[in-house]
Amino acid sequence: MRYTQLFIPTLREVPAEAEAISHKLLLKAGYIRQLASGLYIFLPLSWRVLNRISKILNEEMYAINAQEITMPILHPAEIWQITGRWYDIKEEMFRLKDRTGRDMCLGMTHEEIMTWLASKEIRSYRELPQIWYQIQTKLRDEARPKSGILRTREFIMKDSYSFDIDEEGLEKSYNLHAKAYHKIFTRCGLKFYKVESDPGMMGGACAHEFMAPSPAGEDEIVICEKCDYIANIEIARSISPSVNHPSWELEEVFTPQKRTVKEVSEFLSINPVHFIKSLLLITSEGYVLALLRGDQDLHEKKMSKIIGQFRIAQKDDVLSHFNVEAGFIGPLGYKGKIIADISLKEGVYIAGANKLNYHIKGVNPSIHFAAQWHDIHIAKDGDMCPHCSNKLKIEKAIEIGNIFKLGTKYSIPLNALFLDKKGVERPMIMGSYGIGLARVAAAAVEQNHDEDGIIWTKTIAPFDIEILPLNMNDKQTIELATALHDNLSEIYNSITDKNMDVLLDDRHVRPGVKFKDADLIGIPLQIIIGERSLKNNIIEVKRRRTKEIFKIPLKHLEAEIVKIYYDTE
RNA sequence: CGGGGCGUGGCGCAGUCUGGUAGCGCACACGGUUCGGGACCGUGGAGCCGGAGGUUCAAAUCCUCUCGCCCCGACCA
């Protein structure tokens with residue numbers, strides 16, 4: 001393909017709105033353009049990348065006997081009403097009416113529709129298991145689209161759905177997907193982790209996310225440095241580092257106007273780990289006093305799994321419930337429900353005295369109050385692994401894929417039933433599995449770039465090789481470049497399972513421009529044809545990632561280039 | 001939804017505080033010189049200053065409303 005026949009609008013200066021590296025580079029290198037907030041146009045280069053990712057997805061889905069289909073994006077409301085998600089999901093769903101006034105929505109995911117299909121068509125255990133998937137557009141009215149194509153309102157997703165006769169079958173389908181996902185992301189050249197995650201509103205018992213570590217990521221994952229414990233911070237458990245406890249006797253301490261743990265700890269010159277942080281929570285059933293160690297923060301998701309929906313009490317709520325100003329409340333003498341973090345079970349602490357301007361020293365949780373013990377804190381750097389007690393670290397990551405065990409959450413309401421061997425009607429056991437294509441591409445850019453631009457992995461690069469004829473007025477240069485382009489394009493590339501995709505930069509521009517643009521758009525191998533080296537009967541081959549340059553004699557050019565291509569990382 | 005920032009040729013910005021009728025760099029077009037890391041010289045085209053209303057002899061500039069975009073947070077099936 002010739003550069004002059006492709007639309008590659010590279011920029012010298014990046015539009016001011018771009019912040020994330022992948023956003024900046026994809027704009028600058030002419031891969032994407034923004035239409036509106038969270039809506040992006042994929043230009044020829046990025047579309048080629050997405051197609052290569054699709055090809056990998058198709059191959060790996062095929063390998064686990066998944067069947068590609070495609071479903072409408074426009075859905076009738078009734079199906080979503082049956083499962084209740086029409087009501088549970090709020091502004092995030094795009095809704096509209098058709099000309100007859102019928103309620104419709106745009107698909108943000110396809111559990112309902114896939115299950116509907118299964119319910120209509122599958123009757124017998126003999127027809128199961130099935131895995132159906134599609135690569136198709138999803139629409140979500142995101143509260144805050146951000147970071148270029150990392151979080152958009154419209155995005156292309158590979159979503160698959162498994163239907164099994166029992167839990168064992170689901171386990172099998174789930175593991176098949178986990179393995180396929182490993183292969184897919186490995187082939188795409190990504191660094192990634194598979195982490196335990198929160199099933200959220202998808203429901204179901206078990207879920208994992210595939211996370212590509214990157215500072216641009218929105219998620220945080222907790223990783224054990226020793227064992228294989230890895231989890232999303234949304235559900236991660238951790239052990240707070242233990243401390244030596246002083247042998248304080250129970251004693252009131254005057255702490256005038258010192259309310260927060262930070263203020264009191266500075267005032268008394270005592271480390272926050274020796275404090276009990278008391279938070280009053282309000283649920284539909286009444287008040288709950290949550291207790292954390294002074295160095296911890298409340299994990300609201302963990303808490304709401306224990307007590308359901310709640311909000312943190314305001315100052316006047318605290319005053320009316322405790323008769324003490326906020327900042328001085330504590331568990332001592334408290335008659336209501338107390339939920340305390342497990343790390344408080346041992347030791348002696350300072351807590352609010354339930355008396356204005358006083359705290360109380362020497363509180364021993366096992367003696368002085370009764371609580372339910374739970375892990376309700378947010379894991380943080382330096383905490384210990386819940387499995388092996390070694391150090392945990394926290395990393396930011398991009399969620400590039402997820403897998404959910406759904407069970408019967410959708411099959412029961414939508415009547416996706418089958419007859420088992422004994423003729424008994426049973427609900428199908430389902431799983432659902434997603435991969436965001438643009439996120440894979442963006443994560444690849446986030447993880448593979450340098451100051452000059454993008455560095456694509458061979459498997460998903462828009463082209464395999466770019467030829468840079470430096471002097472477009474030199475006959476020998478042009479002839480050689482053209483011949484190379486044509487010959488290389490005839491050669492089979494086993495990495496992409498098709499012929500080499502070769503980009504020939506045939507623009508009449510100065511060499512510097514070609515070098516800059518080639519580095520920017522990031523094709524793995526550059527072939528530089530300049531008069532200077534032609535005089536010595538050589539050309540240069542440059543690896544984009546390492547910037548190594550190989551000087552190749554004109555004889556057997558194609559074979560040498562192909563060899564370097566295969567040896568390129 | 002809460003907090004912050006920004007809207008001026010295609011892109012990056014100055015001008016706004018202190019009103020006087022729009023400028024710089026890049027890009028673009030043409031001519032010439034150049035040609036191994038985003039060339040140089042010359043000429044030229046291109047902006048009703050996000051929109052609406054108001055104040056004023058006069059508004060990019062002041063006031064009110066509104067729309068859009070970005071960032072932080074909440075949310076995220």
Side-chain angles (χ1 to χ4, degrees), chain A residues 9-20 23-24 27-30 33-40 80 83-94 105-113 138-148 150-153 155 157 159 161 197-204 207 209 216 218-219 232 234 300-301 311-312 399 402-404 406 409-410 432-434 436 439 451-453 468-474 477 505 507-521 526 528-535 538-540 542 547 549:
Chain A
T10 59
L11 301 172
R12 291 220 176 185
E13 279 163 313
V14 194
E17 67 264 14
E19 185 99 349
H23 189 196
K24 283 186 184 166
L27 278 173
K28 191 171 184 215
R33 287 295 184 262
Q34 184 182 36
L35 173 65
S37 179
L39 298 175
Y40 283 83
W80 288 80
T83 61
R85 284 163 113 189
W86 178 263
Y87 311 103
D88 297 341
I89 296 167
K90 304 270 151 45
E91 303 92 340
E92 200 116 356
M93 182 187 275
F94 283 108
C105 64
L106 301 180
M108 45 202 314
T109 175
H110 278 73
E111 281 76 17
E112 276 79 359
I113 313 301
K138 304 283 179 254
L139 292 120
R140 296 180 188 176
D141 197 356
E142 285 286 346
R144 186 149 92 85
K146 57 187 286 203
S147 308
L150 278 173
R151 186 167 207 85
T152 53
R153 295 193 291 174
F155 56 96
M157 182 165 155
D159 48 324
Y161 304 82
S197 68
D198 184 355
M201 294 276 286
M202 283 297 246
E209 290 163 338
E218 303 178 87
D219 289 276
N232 192 308
E234 289 179 353
E300 298 192 12
K301 271 202 175 151
R311 66 179 175 90
I312 295 174
E399 182 185 349
N402 50 36
I403 54 180
F404 297 94
L406 300 173
K409 177 170 172 165
Y410 299 92
S432 83
Y433 318 89
R439 276 199 181 171
E451 63 283 0
D452 294 316
L468 310 178
L470 297 187
N471 183 356
M472 290 298 292
N473 297 316
D474 179 61
T477 301
D505 190 347
R507 293 175 300 168
H508 285 262
V509 294
R510 298 165 62 85
V513 176
K514 293 193 179 184
F515 287 133
K516 285 286 183 191
D517 278 339
D519 287 348
L520 228 201
I521 65 180
Q526 298 170 12
I528 300 159
I529 304 177
E531 286 174 288
R532 211 154 69 186
S533 36
L534 274 185
K535 272 180 200 146
I538 58 168
I539 58 135
E540 291 157 52
K542 180 180 146 191
K547 304 203 164 151
I549 291 179

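The figures here come from the full heavy-atom set of this structure, side chains too, leaving out hydrogens, waters and symmetry mates. Keep in mind that this is a model prediction, so the values were computed, not measured. Residue numbers start from 1 in every chain, and the chains themselves are labelled A, B, ... in the order their sequence lines are given, proteins ahead of strands.
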Ignoring hydrogens and angles, answer whether the base of G25(B) and the side-chain atoms of E13(A) contain a donor-acceptor pair closer than 3.5 Å.
-> yes

Value in whole Å for how far the C1' atom of C1(B) lies from CD of E142(A) = 15 Å

Whole-Å distance, N471(A) CG to U34(B) P, equals 13 Å

Watson-Crick or G-U counterpart of G42(B), or none if no pair lies under 3.5 Å = C30(B)

With C1' as the reference atom in both, quote the distance from G50(B) to U61(B) in angstrom, rounded to an integer.
-> 16 Å

Distance, C1' atom - from C72(B) to U66(B), rounded to whole angstrom = 24 Å

Testing C71(B), G38(B), G12(B) for proximity to the side chain of T10(A), the answer is G38(B)

Just checking A18(A): base, sugar-phosphate only, or nothing, at a heavy-atom cut-off of under 4.0 Å?
-> nothing

How would you label the contact of R144(A) with the nucleic acid (heavy atoms, under 4.0 Å): base, sugar-phosphate, or nothing?
-> base

Look at all strands and tell whether E540(A) reaches a base, only sugar-phosphate, or nothing, counting heavy atoms closer than 4.0 Å.
-> base

Separation of E451(A) atom CD from G37(B) atom P, in whole Å?
-> 17 Å

Does S533(A) place a side-chain N or O at less than 4.0 Å from the phosphate oxygens OP1/OP2 of G36(B)?
-> no

Can you tell me how far C1' in C49(B) sits from the matching atom in G44(B), rounded to whole Å?
-> 23 Å

Under 3.5 Å: donor-acceptor pair, side chain of Y410(A), backbone of T83(A) | no

Write down the distance between NZ (K514(A)) and P (A39(B)), rounded to a whole number of angstrom.
-> 13 Å

On RNA chain B, check which nucleotide each of N402(A) and H23(A) is closest to and give me the residue with the more 5' one.
-> H23(A)

Check whether any side-chain N or O of R153(A) sits under 3.5 Å from a backbone N or O of L39(A) as a donor-acceptor pair, and report yes or no.
-> no

Find the partner of C65(B): check Watson-Crick (N1-N3 plus N6-O4 or O6-N4) and G-U wobble (N1-O2, O6-N3) distances, both under 3.5 Å, and reply none if neither fits.
-> G51(B)

Side chain R140(A), main chain M93(A), donor-acceptor under 3.5 Å = no

With sugar-phosphate meaning primed atoms plus P, OP1 and OP2, does T83(A) contact a base, only sugar-phosphate, or nothing at under 4.0 Å between heavy atoms?
-> nothing

C1' atoms of U21(B) and A59(B), separation to the nearest Å = 9 Å

Looking only at side-chain atoms of R510(A), point me to the closest of C35(B), G38(B), G36(B).
-> C35(B)

Candidates T477(A), N473(A), L470(A) - the one meeting side chain to side chain contact (heavy atoms under 4.5 Å, CB included) with E531(A) | T477(A)

According to the Watson-Crick and G-U wobble definitions, with both distances under 3.5 Å, which nucleotide is paired to G23(B)?
-> C13(B)

Using the P atom on both, measure G25(B) against C40(B) and round to a whole Å.
-> 12 Å

Look at all strands and tell whether Q34(A) reaches a base, only sugar-phosphate, or nothing, counting heavy atoms closer than 4.0 Å.
-> sugar-phosphate

For A58(B) and G2(B), measure between their P atoms and round to the nearest Å.
-> 37 Å

Can you find a donor-acceptor pair, distance only, under 3.5 Å between K516(A) side chain and G36(B) base?
-> no

Heavy atoms, side chains only, cut-off 4.5 Å: are R507(A) and V513(A) in contact?
-> yes

Under a 3.5 Å cut-off for both distances, is A59(B) Watson-Crick or wobble paired, and to whom?
-> none

Return yes if the base of G38(B) and the side-chain atoms of D517(A) contain a donor-acceptor N/O pair under 3.5 Å, otherwise no.
-> yes

Quick one: which of R85(A), K138(A), K409(A) gives a salt bridge (charged side-chain N to carboxylate O under 4.0 Å, His left out) with E111(A)?
-> R85(A)

If we take the C1' atom in both A14(B) and G32(B), what is their distance in whole Å?
-> 32 Å

Winner on side-chain proximity to E19(A), out of G12(B), C35(B), C71(B), is C71(B)

Look at all strands and tell whether K146(A) reaches a base, only sugar-phosphate, or nothing, counting heavy atoms closer than 4.0 Å.
-> sugar-phosphate

Does R12(A) have a side-chain nitrogen or oxygen under 4.0 Å from the phosphate oxygens OP1 or OP2 of A27(B)?
-> yes

Using a cut-off of 4.0 Å on non-hydrogen atoms, how would the nucleic acid contact of V14(A) be classed: base, sugar-phosphate, or nothing?
-> sugar-phosphate

Comparing K28(A) and A143(A) on RNA chain B - which has the more 5′ nearest nucleotide = K28(A)

Expressed in whole Å, how much space separates the P atoms belonging to C70(B) and C11(B)?
-> 15 Å

note: L27(A), atom CG; G12(B), atom C1'; distance rounded to Å ~ 14 Å

According to the Watson-Crick and G-U wobble definitions, with both distances under 3.5 Å, which nucleotide is paired to A74(B)?
-> none

Gap between atoms CD and C1', on E531(A) and U34(B) respectively (whole Å) = 13 Å

Quick one: the side chain of E17(A) and the base of G68(B), do they pair up donor-acceptor inside 3.5 Å?
-> no

Side chain K514(A), main chain D505(A), donor-acceptor under 3.5 Å = yes

Does A36(A) offer a backbone N or O that forms a donor-acceptor pair with the side chain of Q34(A) under 3.5 Å?
-> yes

Euclidean distance, atom CG of residue D505(A) to atom C1' of C35(B) [Å, nearest integer] = 14 Å

Scan L520(A) against the nucleic acid and name what it touches under 4.0 Å (heavy atoms): base, sugar-phosphate only, or nothing.
-> base

With heavy atoms under 4.0 Å as the rule, sort K542(A) into base, sugar-phosphate or nothing.
-> base

Taken to the nearest whole Å, CD/E91(A) to C1'/C1(B) is 9 Å

Neighbour count >12 (heavy atoms, 6.0 Å) for atom CD, E218(A) = yes

